[in-house]
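Reviewing the structure listed below.
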Amino acid sequence: MKERIAKILLLAAAAAVFSSIFFPYWYLTVKAPQYPKGLHVQVYLNHVTGDVGEIDNLNHYIGMRPLGEAAKLEKKFALPGIAVIVVCLMLAILNRGKFSLLFILPAIVLPAVFAVDLYLWLRDFGLHLNPHAALSSSVKPFVPPLLGQGKIAQFHADANFGLGHGLSMLSAFLSLTVIALRFFKSGASHK
Amino acid sequence: MNKGCLQCTDFLLLTIALLMMPVSVGFAADEPQSPAAGLQTKLPADAAKVIHERGLKPDDILGAVSTFVPSGQYDDYMMFASGGHSGQMFVIGLPSMRLLRTIAVFEAESWQGYGFGVKETPLMNAPIGGDSQKVGWADTHHPALSETNGDYDGQFLFIGDKSHGRIAVIDLRDFETKQFADGTLMHNDHGGCFVTPNTEYIIEGAQYAEPLGGEYAPISQYKEKYRGLATFWKFDRQQGRIDIENSFAIELPPYWQDLADAGKGPSEGWVFMNSFNTEMATGGIEKGNPPFEAGTAQRDMDYLHVFNWKKAEALIAASKFETKNGFKLISLKTAIDEGVLFFIPEPKSPHGVDVTPSGKFMVVAGKLDPHVTIYSFDKMLKAIEAKDFEGNDEYGVPIIRFDAAMEAQVELGLGPLHTQFDNQGYAYTSLFLESAVARWTLGDDKFQAPEKPWTLVGKVPVQFNIGHLATTGGDTVNPEGKYLVALNKWSVDRFSKLGPLLPQNLQLVDIGKTGDTLKVLYDMPMGSGEPHYAQIIKADKLKTWDVYPEVGWNTLTQSKSDKAVMEGKIVRDGDNVEVYMPVIRSHFDPEHIEIKQGQHVTMHITNLERTIDATHGFSIAGYNIAASIEPGETVTIEFTADKPGVYPYYCLEFCSALHLEMAGYLMVKPKK
């Protein structure tokens with residue numbers, strides 16, 4: 001019975017992580033007086049949408065590299081990576097032994113890996129501004145916010161994780177539940 | 001929601017304040033207390049103080065609150081007003097009466113980069129003045145918005161140039177002029193533009209009779225050689241262009257034709273056009289003849305011209321036309337023989353003929369007669385079928401008996417000029433001499449006023465000498481009856497002293513309530529041209545672009561140019577130098593252009609911006625070049641670098657904090 005639930009959960013985890021590729025993992029909204037509707041960027045696993053051109057255009061004044069130069073490798077391997085995670089989850093459905101732990105693991109770490117990677121990129125971009133840029137004297141290197149609010153020059157930035165990331169979190173949670181079901185026998189409820 | 005209710009409350013309070021104002025303002029001099037004391041619980045206390053200090057009367061306050069549009073909110077209506085001999089068009093928001101934009105049409109305008117080197121304008125490309133003569137000005141009179149099923153569709157705007165007999169086409173996606181259609185048969189026109197209900201044709205009535213096609217004949221041969229004209233410009237909506245090839249004109253007696261209107265509903269397929277000087281006066285005050293002003297006003301009746309344009313179109317299709325000076329012309333004889341043209345007597349030297357919203361009636365404002373005369377299209381048609389003619393004019397045009405076609409006459413006052421309509425069953429006629437707007441009732445039309453049909457209901461004085469008037473959607477099948485704008489010719493004492501050349505006065509009139517209730521809300525000085533006529537469209541009918549659809553947009557062809565580049569380059573081919581220059585905040589690429597004296601330079605400048613309002617300019621001092629390059633636009637500039645020296649070029653728009661740094665150098669090396 002438990003194993004049956006585990007299999008359903010694994011299937012759901014695979015579906016969740018697969019569908020996450022269609023939704024943004026992270027949002028950034030920046031607001032300034034002359035942009036009453038704000039500028040919006042949506043980061044998907046493998047691409048970035050929104051007002052990228054305008055944000056790049058503004059960023060060049062402070063010497064920040066164009067967004068397109070960030071995480072090139074990650075974007076390239078994102079979809080194959082998700083495919084691997086989904087296949088691993090499938091293998092975990094077929095194999096309930098100790099190896100299945102290994103197959104489930106990638107789905108569990110994905111949300112954290114994304115967040116850490118994004119943070120490192122934000123840091124890298126923010127801290128390595130071109131010192132010859134026009135506004136280099138008024139905007140010092142900084143780390144843009146990963147989550148929550150920040151202020152850069154006249155811009156208020158608001159960052160948040162998106163639905164895609166939520167789906168990857170769901171997948172991770174379901175996968176964790178499967179591990180609990182499979183490897184932590186007779187929990188507190190059975191006492 | 002809450003905010004809306006608060007505003008309602010404010011408005012109610014203000015209304016109460018207004019009702020009390022006559023008393024309080026009246027005693028303000030005696031009583032030092034605030035005039036609106038005790039009433040402003042929700043209004044800021046300062047409001048009452050300001051009203052008191054500025055001495056505003058209740059009507060002033062009503063005008064102010066009726067027309068004020070808060071920051072960031074938009075006007076409900078857009079008015080497109082002609083610019084008279086400024087040669088341009090004006091876009092004015094209603095009810096705020098703020099000038100939102102000028103549209104460069106027939107004259108160079110450097111802010112819009114129009115006429116200073118940029119090739120993507122008709123001003124740089126079209127033959128001007130019919131004979132490739134360079135004409136740098138125009139006299140724009142009567143704008144017309146394109147229509148679908150007799151209602152404005154917000155796609156195109158047409159404007160006639162009286163001085164040179166031209167029509168310009170403006171695309172309302174970008175508010176820019178795309179084409180001049182230049183008549184080759186006559187030098188002038190006054191009675192344009194008017195459109196047929198689906199903008200099949202743009203109608204242009206000539207004014208001062210001439211020998212057609214630019215020929216010469218002495219004025220002594222006026223009756224034999226001089227002719228009037230009605231031009232039917234075919235509009236190709238898909239191309240957004242007048243199709244000159246398939247346009248045609250109808251030869252007319254040498255009366256001075258004037259304003260027109262197209263039939264709609266039951267009268268669709270017909271066009272009505274006024275005339276004066278059916279006396280065929282030829283002036284010559286210096287020879288002891290009566291001057292035109294007297295000679296043209298001898299007869300009590302002139303002729304309303306009635307055209308069957310569907311029939312005329314069929315004649316063109318059947319090749320029953322001649323070609324004169326490259327233009328298709330239906331001769332007067334053919335027009336008479338084929339039943340295309342009829343006359344009806346009309347009093348007296350009229351200015352406007354206007355078709356009512358139902359299309360059943362034609363209203364002629366008699367200028368030198370105190371009446372408007374209303375003709376029934378049904379009666380006209382019956383008279384034509386029954387050949388109920390009082391005779392023919394001396395050129396053989398059948399004249400429908402006045403009483404056979406006349407429906408009613410309404411005495412309005414002195415100098416009726418032009419009529420528009422609303423959705424309450426009223427018509428509005430400008431009274432030039434009386435300097436007033438008259439409201440009167442239609443009978444048996446699309447809408448029914450509470451008063452008796454065909455009667456004068458009320459008047460409102462306007463300041464001063466009103467020419468045309470325009471109501472919201474006022475010449476369509478669906479007039480909106482919200483506002484009227486009086487286009488007054490004289491402002492006399494209305495505005496601050498500005499020297500002897502005074503602005504025009506455009507007055508906004510509230511026409512929302514029935515009865516004798518017309519009220520002037522606002523005076524707008526127009527200090528950069530003389531608007532004659534205007535069209536007012538509901539703002540949400542316009543579908544304008546925020547930025548051009550794609551980077552590299554040719555605004556003349558409204559399609560993507562193949563000259564757009566993302567990175568700058570200079571291509572040299574002998575003495576031809578092509579510069580491909582992208583621009584973006586805040587640089588040009590390239591920033592150095594090195595040329596040898598005498599080389600021919602073609603520049604393709606592309607604004608790479610996709611952000612609203614991120615417009616850049618480009619200018620080269622000494623070469624008379626000024627461009628405005630809106631987001632996405634690609635412009636072409638050509639010049640021969642015949643003057644050696646170093647010429648800085650820079651961005652004309654304050655585009656960014658680094659706008660001043662947005663510059664480059666054109667270096668023209670001397671030949672020696």
Side-chain angles (χ1 to χ4, degrees), chain A residues 24 27-44 47-70 72 125-126 129-142 144 150-158, chain B residues 3 69-75 100 544-553 560 564-568 581-591 605-618 629-634 650-651 653-664:
Chain A
Y27 292 99
L28 180 71
T29 301
V30 288
K31 282 199 169 167
Q34 54 274 72
Y35 298 93
K37 289 176 187 163
L39 293 169
H40 306 271
V41 172
Q42 299 90 32
V43 173
Y44 292 70
H47 66 289
V48 182
T49 62
D51 303 310
V52 179
E54 185 61 11
I55 285 186
D56 280 349
N57 200 355
L58 295 168
N59 279 345
H60 99 274
Y61 288 116
I62 61 170
M64 189 180 281
R65 284 169 284 160
L67 298 184
E69 289 182 15
K72 280 184 178 165
F125 264 51
L129 301 179
N130 182 350
H132 301 298
L135 291 176
S136 55
S137 58
S138 26
V139 177
K140 297 295 173 201
F142 64 99
K151 191 166 188 301
I152 308 138
Q154 81 269 37
F155 288 91
H156 285 277
D158 196 346
Chain B
K3 205 173 171 193
V69 175
S71 178
Q73 294 184 26
Y74 300 161
D75 280 302
L100 300 172
T544 56
W545 288 328
D546 285 346
V547 297
Y548 282 108
E550 289 179 71
V551 168
W553 199 257
K560 194 169 152 64
V565 289
M566 299 305 283
E567 280 181 25
M581 177 188 272
V583 297
I584 192 162
R585 279 162 290 166
S586 305
H587 61 265
F588 297 104
D589 176 14
E591 292 184 332
I605 310 176
T606 300
N607 183 341
L608 299 181
E609 306 276 2
R610 303 309 291 145
T611 299
I612 188 167
D613 215 353
T615 293
H616 295 292
F618 178 81
I629 318 152
E630 289 106 50
E633 184 175 1
T634 293
Y650 71 93
C651 176
E653 282 266 344
F654 202 142
C655 59
S656 65
L658 292 159
H659 156 69
L660 294 179
E661 290 78 357
M662 191 165 172

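Since the model is a prediction, treat every value here as computed from it, not as a measurement. Worth knowing before you read on, the calculation uses all heavy atoms, side chains too, and leaves out hydrogens, waters and symmetry mates. Here is how names work: the chains are called A, B, and so on, in the same order as the sequence lines, proteins then strands, and each is numbered from 1.
Counting non-hydrogen atoms of neighbouring residues, nucleotides and ligands closer than 6.0 angstrom, the OH atom of A:Tyr35 exceeds 12 such neighbours. Heavy atoms from other residues, nucleotides or ligands lying under 6.0 Å from CD of A:Gln34 number more than 12. Within a 6.0 Å radius of CG in B:Asp613, other residues, nucleotides and ligands contribute 12 heavy atoms or fewer. Residue-environment remark: NZ (B:Lys560) exceeds the threshold of 12 foreign heavy atoms within 6.0 Å.
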Exercise. Carefully, step by step, assess A:Asn57 and B:Glu609 under the rule side chain to side chain contact (heavy atoms under 4.5 Å, CB included).
Key: CA-CA 9 Å; A:Asn57 200 355; B:Glu609 306 276 2; 3.0 Å; yes
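For A:Leu58, the part sitting under 4.5 Å from any heavy atom of chain B is the side chain, from C-beta outward, and nothing else.
Between A:Asp51 and B:Arg610, every side-chain heavy-atom pair lies at or beyond the 4.5 Å cut-off.
For the residue pair B:Ser586 and A:Tyr61, a side-chain donor N or O sits within less than 3.5 Å of a side-chain acceptor on the partner.
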